[in-house]
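Encoded as structure tokens, the structure appears first; notes follow it.
As the structure is a computational prediction, the values presented were derived from the model and not from experiment. All heavy atoms count here, side chains included; hydrogens, waters and symmetry mates do not.
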Amino acid sequence: MFTIGDFARYGRVSPRMLRHYDAIGLLTPDRTDPATGYRLYGAAQLARLNRIIALKDLGFTLQQVGAVLDERVGPEELRGMLRLRRAELAEAVAAASARLTRVEARLRSIESEGHMPADDVVIKTVPAVRVAELTGTAASFQPQDIGPVIGPLYDRLLPLLEGAGLRPTGPGIARYEDAPEGGGAIVVHAGVTVSAPVGPVGDTEVRVVELPPFEAATIVHRGAMDDVLSTTHTLARWLDANGYRSTGYSREVNLECPPDRGSWVTELQEPVAKD
């Protein structure tokens, strides 16, 4: 038999935790010394302790852990609980990965401060262009809100165009504008260049629109759009240094979009006016 201190040491937990498990009936000692009140544990109880810790680390509540260990949860229900927890953990990992990507983008932007190559930005007139596009709304212009909207829009757009017999004649063009309802929401337009009449495409949600020409400050971004921050900051510093002001959101023209997102080439076209 082991004292609570020794059992805690072998189980790599604290005596305080063991006392709590005893209090809620999750792991009671093999026996309690009637004279001293000391809790005494058997080596076989390490197996139950291991299961408690494993299930707890998976995110189950202690009440759920007790139900599983005492077989008050059937196999099918347990599988369902595990599948749900797996999905929750996968979502958390994806969110943490996206957050890390955003932090790295901020760090790269910080590292590029004070470096402003003069030949990165070009002022030019962007000609009128006709695009077929789908539209959605994002909660904000932050990458974590834009990405989950624009990706699915493009995933839907291309099959719809193919089904309607409409082929892209040029690059993809993403554009943004403030949502009418305000509150920081953004209308997201995911489009591709086409040669087709303006108006709806068949009975789909796709519409062909003609975008007018405009004066733009342009810069080429190389890499995934998750890493675009340092490029936009370079553009902002150039505009400030050269007496231009932005008059709207940048268009994103997809010049090269290989499967490896890190190899993407995108031209940012920021509408500008001279101060």
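- In this structure, Glu270 does not pair ionically with Arg251, as no charged nitrogen and carboxylate oxygen lie closer than 4.0 Å.
- A salt bridge does not link Arg237 with Asp120: none of the charged nitrogens is closer than 4.0 Å to a carboxylate oxygen.
- In terms of modelled atom types and a separation under 3.5 Å, the side chain of Thr193 and the main chain of Val131 share no donor-acceptor contact.
- Here the side chains of Ile52 and Met17 are not in contact, with every heavy-atom distance at 4.5 Å or above.
- Residues Glu205 and Thr135 are not in side-chain contact: their nearest non-hydrogen atoms beyond the backbone lie 4.5 Å or more apart.
- Applying the side-chain contact (heavy atoms from CB on, under 4.5 Å) criterion to Leu84, with sequence neighbours excluded, gives Glu88.
- When side chains are defined from C-beta on, Val192 counts as touching Leu158, because their heavy atoms get closer than 4.5 Å.
- A donor-acceptor distance shorter than 3.5 angstrom exists from the side chain of Arg51 to the backbone of Ala47, with no hydrogens or angles considered.
- Put simply, the side chain of Thr28 does not reach to within 4.5 Å of the side chain of Tyr21, judged on heavy atoms.
- Considering only residues two or more places apart in sequence or on other chains, Gln63 meets the side-chain contact (heavy atoms from CB on, under 4.5 Å) condition with Thr61.
- For Glu210, the CD atom counts as densely surrounded, since its 6.0 Å shell holds more than 12 non-hydrogen atoms of other residues, nucleotides or ligands.
- Listed for the Trp264 side chain is no donor-acceptor partner under 3.5 Å among the backbone atoms of Asn254.
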Please assess Asp30 against Gln45 for the test side chain to side chain contact (heavy atoms under 4.5 Å, CB included), listing each intermediate value before the final yes or no.
-> CA-CA 8 Å; Asp30 262 357; Gln45 290 186 283; 3.5 Å; yes

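- Side chains of Leu40 and Pro29 form no contact here, defined as non-hydrogen atoms less than 4.5 Å apart.
- The number of heavy atoms from other shown groups lying within 6.0 Å of CD (Glu162) does not exceed 12.
- The OG atom of Ser246 sits 12.0 Å away from the CG atom of Asp240 when rounded to the nearest 0.5 Å.
- Between the side chains of Tyr41 and Asp6, not a single donor N or O lies within less than 3.5 Å of an accepting N or O.
- Using a distance-only test at 3.5 Å, with no hydrogens or angles considered, no donor-acceptor pair links the side chain of Arg39 to the main chain of Asp33.
- Under the ring-ring contact (aromatic ring centres under 6.0 Å, His included) criterion, Phe60 pairs with no residue at all, not counting sequence neighbours.
- Take Asn50 and apply the side-chain contact (heavy atoms from CB on, under 4.5 Å) test, not counting sequence neighbours, and it matches no residue.
- A salt bridge is defined here as a Lys NZ or Arg NE, NH1 or NH2 lying under 4.0 Å from an Asp or Glu carboxylate O, and Glu267 with Lys124 meets this definition.
- Looking only at side-chain heavy atoms (C-beta outward), Tyr176 and Ile150 come within less than 4.5 Å of each other.
- Smallest separation of non-hydrogen atoms from Val194 and Pro168: CG1-CA, 4.3 Å.
- With sequence neighbours left out, the salt bridge (Lys or Arg N to Asp or Glu O under 4.0 Å) criterion links Glu133 to Arg175.
- Phe214 belongs to a hydrophobic cluster whose other members, connected by ILVMFWY side-chain contacts under 4.5 Å either directly or through intermediates, are Val126.
- With values rounded to the nearest 0.5 angstrom, Ile146 atom CD1 is found 9.5 Å from Gln144 atom CD.
- Heavy atoms of other residues, nucleotides or ligands lying less than 6.0 angstrom from CZ of Phe141 number more than 12.
- Lys274 meets the salt bridge (Lys or Arg N to Asp or Glu O under 4.0 Å) test with no other residue; sequence neighbours excluded.
- Qualifying ring-ring contact (aromatic ring centres under 6.0 Å, His included) partners for Phe2, counting only residues two or more places apart in sequence or in other chains: Tyr10.
- In this view, Leu89 and Leu58, Arg85 satisfy the side-chain contact (heavy atoms from CB on, under 4.5 Å) rule, not counting sequence neighbours.
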So Val209 and Arg130, side chain to side chain contact (heavy atoms under 4.5 Å, CB included) or not? Walk me through it.
-> CA-CA 6 Å; Val209 299; Arg130 196 166 287 189; over 6 Å; no

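- No donor-acceptor pair closer than 3.5 Å links the side chain of Glu252 to the backbone N or O of Gly172.
- Without hydrogens or angle criteria, Thr218 side chain to Val122 main chain gives a donor-acceptor distance under 3.5 Å.
- Between the side chains of Thr266 and His221, no donor N or O sits under 3.5 Å from an acceptor N or O.
- Residue Asp203 qualifies as open at atom CG: its count of foreign heavy atoms under 6.0 Å is 12 or below.
- Applying the salt bridge (Lys or Arg N to Asp or Glu O under 4.0 Å) test to Arg16 and every residue at least two apart in sequence or in another chain returns nothing.
- For Tyr154, the ring-ring contact (aromatic ring centres under 6.0 Å, His included) criterion is met by no residue, not counting sequence neighbours.
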Gln269 and Val253: side chain to side chain contact (heavy atoms under 4.5 Å, CB included), yes or no, with the steps?
-> CA-CA 8 Å; Gln269 300 175 342; Val253 181; 3.5 Å; yes

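- Between Leu49 and Leu18, some side-chain heavy-atom pair lies under the 4.5 Å cut-off.
- Applying the side chain to side chain donor-acceptor pair (under 3.5 Å) test to Thr125 and every residue at least two apart in sequence or in another chain returns Glu215.
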